[in-house]
S.K.: 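Starting off with a structure, shown below.
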Amino acid sequence: MRSSWADSVVNSAAENAAAGSLANAGVGTTSAPTRTSYVPPHLRNRTPSADPPAPAYSGPASGGGTRWGGPRNDLNRSGFSTGGRGGGWNSRSGGWDRGKEREVNPFGDDDNAEQVDSEQENTGINFDAYEDIPVETSGDNVPPPVNTFAEIDLGDALNQNIRRCKYVKPTPVQRHAIPISLAGRDLMACAQTGSGKTAAFCFPVISGIMKGQFVQRPPRGARTVYPIALILSPTRELSCQIHEEARKFSYQTGVKVVVAYGGAPIHQQLRELERGVDILVATPGRLVDLLERARVSLQMIRYLALDEADRMLDMGFEPQIRKIVQQMDMPPPGVRQTMLFSATFPKEIQRLATDFLSNYIFLAVGRVGSSTDLIVQRVEFVQESDKRSHLMDLLHAQRANGVQVKQSLTLVFVETKKGADSLEHWLYMNGFPATTIHGDRTQQEREQALRSFKSGNTPILVATDVAARGLDIPHVGHVVNFDLPNDIDDYVHRIGRTGRAGKSGLATAFFNENNSSLARALADLMQESNQEVPAWLSRYAARSSYGGGKNRRSGGGRFGGRDFRKDTSFNRGNTDYYSGGNSSSLYGASGGYGGGYGPGVTSAWD
DNA sequence: AAAAAAT
């Protein structure tokens with residue numbers, strides 16, 4: 001049985017489904033297929049007279065609905081009975097009772113949002129660490145930030161979940177991104193994970209789905225589902241994590257969140273989809289599969305969010321993303337609302353991303369604890385042949401220091417999958433319980449490894465870059481870059497696995513001649529974040545030509561990126577990007593934003 | 001050159 005709220009509201013629009021592209025080929029409906037054109041969300045659900053032509057559907061499935069949701073009184077009449085569900089957003093206080101018992105409580109508490117669970121410590125965020133974060137916004141008519149959740153009308157159910165999550169007040173990225181998103185604007189946001197970024201794009205989407213009336217469902221029996229929001233991420237584990245968070249936020253809102261990713265049996269995911277989906281969280285490959293099977297249609301997408309957007313648009317992913325966003329049945333920019341989030345945003349990628357955006361706002365949020373350096377970064381010169389024994393020394397020292405194994409996890413990044421396996425084996429042989437996560441392992445093994453690491457069962461995780469981005473693993477006290485990445489942005493993401501949510505952390509890197517191309521960027525980054533830069537590293541940095549190449553900091557300064565529309569070298573002859581009304585605002589205690597790549601400015605990361 | 005992402 002379908003159980004997304006949308007299904008409960010209306011079961012209609014057979015003619016649209018029948019007319020809709022490939023998705024419904026062969027799916028028989030009893031109504032005459034009436035070709036209708038796409039109706040943008042802002043034009044839907046007006047008064048009956050403003051609606052598109054009269055509903056044509058008179059099939060056997062229901063007593064009839066209207067296309068695009070129809071007027072509210074109509075929803076109240078037909079929708080509730082067909083779904084057997086109560087409530088709508090206009091009668092929310094009395095509504096949504098059905099399904100409450102059946103929805104698994106993702107908080108694991110007794111359903112009382114007000115109850116304080118003292119056992120469940122630190123699920124929240126250290127908000128004190130966010131006080132003086134610099135924030136920069138640019139674009140036309142930027143909506144002002146909010147200071148409290150109360151200022152925004154997200155709805156009772158969502159507010160209750162916010163309390164359950166112990167979010168007391170919005171983080172900087174939430175303060176700025178939520179009003180922008182609620183205003184319906186497209187957004188390119190440079191913000192650290194672990195500071196409530198997922199919530200920043202989930203809250204407005206959930207709230208919008210709850211309040212919106214853009215409802216569209218295929219006729220009963222059609223196996224195609226029509227999510228209203230799509231969230232894409234570059235790794236399966238990250239998609240899982242976003243799904244888990246989104247489920248908390250949407251608990252008892254009636255908004256249904258489903259995740260789809262590869263490496264896992266597709267049938268269970270298909271079953272979940274058939275039960276109804278409003279928000280689909282997915283990795284690109286599996287989504288393409290679902291689209292080609294016509295099990296998912298993007299026709300009704302109103303919100304598109306790309307997490308780790310710079311990764312999603314880099315060489316490896318770009319074709320797939322273009323296919324999903326531009327070559328299937330997704331509404332174009334300006335019709336859908338698009339939000340791109342990442343901790344780093346190279347300018348080349350920003351330019352690429354404009355293909356997906358419409359009159360967007362750029363938002364940059366400085367690093368967590370920019371004034372207090374929550375992550376201590378160390379670089380040590382270690383020859384390849386000495387790396388293992390050097391790592392062993394670090395681990396022994398850690399153990400000797402009485403760092404509780406269960407309390408402090410160590411994440412070791414290596415360059416290759418083979419290298420990960422062999423290092424894990426060697427560690428294990430030497431008495432350090434370790435596991436590994438990389439793309440050559442089965443999905444089951446990957447998820448098992450992550451669970452085992454998180455639980456402290458194997459407090460050392462050897463990982464490739466599959467674990468570099470977005471994963472929120474509490475208690476990672478130490479990130480070791482056993483092999484340094486070639487790109488400074490990857491380094492930034494990797495060390496961001498520690499020092500999460502305002503907590504402190506340590507990052508150690510093993511550097512040798514093989515990494516000389518990274519020297520300059522690494523030295524700059526460390527200096528910008530007030531780290532001690534070894535003299536030998538500075539010498540390497542001075543020797544290496546800057547070249548303006550890949551390792552140049554994408555944003556410089558305190559942010560993970562700056563709005564490339566302000567960079568003349570990217571705008572020569574393109575006055576569009578200068579189109580007036582560029583408003584810019586700077587919040588924070590660190591003084592005016594200097595711009596450029598000058599030294600001495602605190603760096604942004606993650 | 002490596003990593004990730006569908007079967």
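Only this structure's heavy atoms are used, side chains among them; waters, hydrogens and symmetry mates stay out. The chains referred to below are lettered A, B, ... by the order of the sequence lines, with proteins before strands, and numbering in each begins at 1.
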S.K.: On the 0 to 90° scale, with breaks at 30° and 60°, tag the A:F511-A:Y540 ring pair as parallel, tilted or perpendicular.
M.R.: perpendicular
S.K.: Could you tell me whether a side-chain N or O of A:Q383 sits under 3.5 Å from a main-chain N or O of A:N512, the two making a donor and an acceptor?
M.R.: no
S.K.: Whole angstroms only, please: what is the NE2-P distance between A:H493 and B:dA4?
M.R.: 16 Å
S.K.: Using the side chain to side chain contact (heavy atoms under 4.5 Å, CB included) definition, which of the options A:V277, A:V296, A:D278 pairs with A:V258?
M.R.: A:V277
S.K.: So, is A:T416 close to the B:dA1 phosphate, meaning a side-chain N or O under 4.0 Å from OP1 or OP2?
M.R.: no
S.K.: Taking only the side-chain heavy atoms of A:T283 (C-beta and beyond), determine which of B:dA5, B:dA4, B:dA2 contains the nearest atom.
M.R.: B:dA5
S.K.: Please give, in whole Å, the distance from B:dA3 P to A:D483 CG?
M.R.: 11 Å
S.K.: Please work out which residues in residues 444-451 of chain A have a non-hydrogen atom less than 4.0 Å from an atom of DNA chain B and list them by number.
M.R.: A:R446
S.K.: Which nucleotide wins on minimum distance to the side chain of A:E237, given the candidates B:dA5, B:dA6, B:dA3?
M.R.: B:dA5
S.K.: Using whole Å, what does the distance between atom P of nucleotide B:dA5 and atom CE of A:M315 come to?
M.R.: 17 Å
S.K.: Scan residues 383-392 of chain A for pairs that pass salt bridge (charged side-chain N to carboxylate O under 4.0 Å, His left out), counting only residues two or more places apart or in two chains.
M.R.: A:E384-A:K387, A:K387-A:D483
S.K.: Could you tell me whether A:R494 sits above the aromatic face of A:Y491, with NZ or CZ closer than 6.0 angstrom to the six-membered ring centre and within 45 degrees of the axis?
M.R.: no
S.K.: Taking atom P of B:dT7 as reference, at what distance in whole Å does atom CD1 of A:I266 sit?
M.R.: 7 Å
S.K.: Does a nitrogen or oxygen in the side chain of A:R236 sit under 4.0 Å from OP1 or OP2 of B:dA5?
M.R.: yes
S.K.: Do A:I437 and A:E237 make a side-chain contact, defined as non-hydrogen atoms from C-beta onward lying under 4.5 Å apart?
M.R.: yes
S.K.: B:dA3 C1' sits how many Å from A:L484 CG, rounded?
M.R.: 16 Å
S.K.: Identify which one of A:K418, A:R446, A:K417 satisfies the salt bridge (Lys or Arg N to Asp or Glu O under 4.0 Å) criterion when paired with A:D440.
M.R.: A:K417
S.K.: Under 4.0 Å, counting only non-hydrogen atoms across every strand here, what does A:R311 touch: a base, just sugar-phosphate, or nothing?
M.R.: nothing
S.K.: Can you tell me if A:T235 touches the phosphate of B:dA5, counting only side-chain N or O atoms and a distance under 4.0 Å to OP1 or OP2?
M.R.: no
S.K.: Have a look at A:G439 and say if it touches a base, only the backbone sugar-phosphate, or nothing, with a 4.0 Å heavy-atom cut-off.
M.R.: sugar-phosphate
S.K.: For A:K417 and B:dA1, give me the distance from atom NZ to atom P, rounded to whole Å.
M.R.: 15 Å
S.K.: Taking N and O atoms by type only, does the side chain of A:N486 place a donor or acceptor under 3.5 Å from a partner on the base of B:dA2?
M.R.: no
S.K.: Name the nucleic acid region contacted by A:D465, choosing base, sugar-phosphate or nothing; use a 4.0 angstrom heavy-atom cut-off, strictly under.
M.R.: nothing
S.K.: Specify the separation, in whole Å, of atom CD of A:Q443 and atom C1' of B:dA6.
M.R.: 12 Å
S.K.: Output the rounded distance in Å from CG (A:L232) to C1' (B:dA5).
M.R.: 11 Å
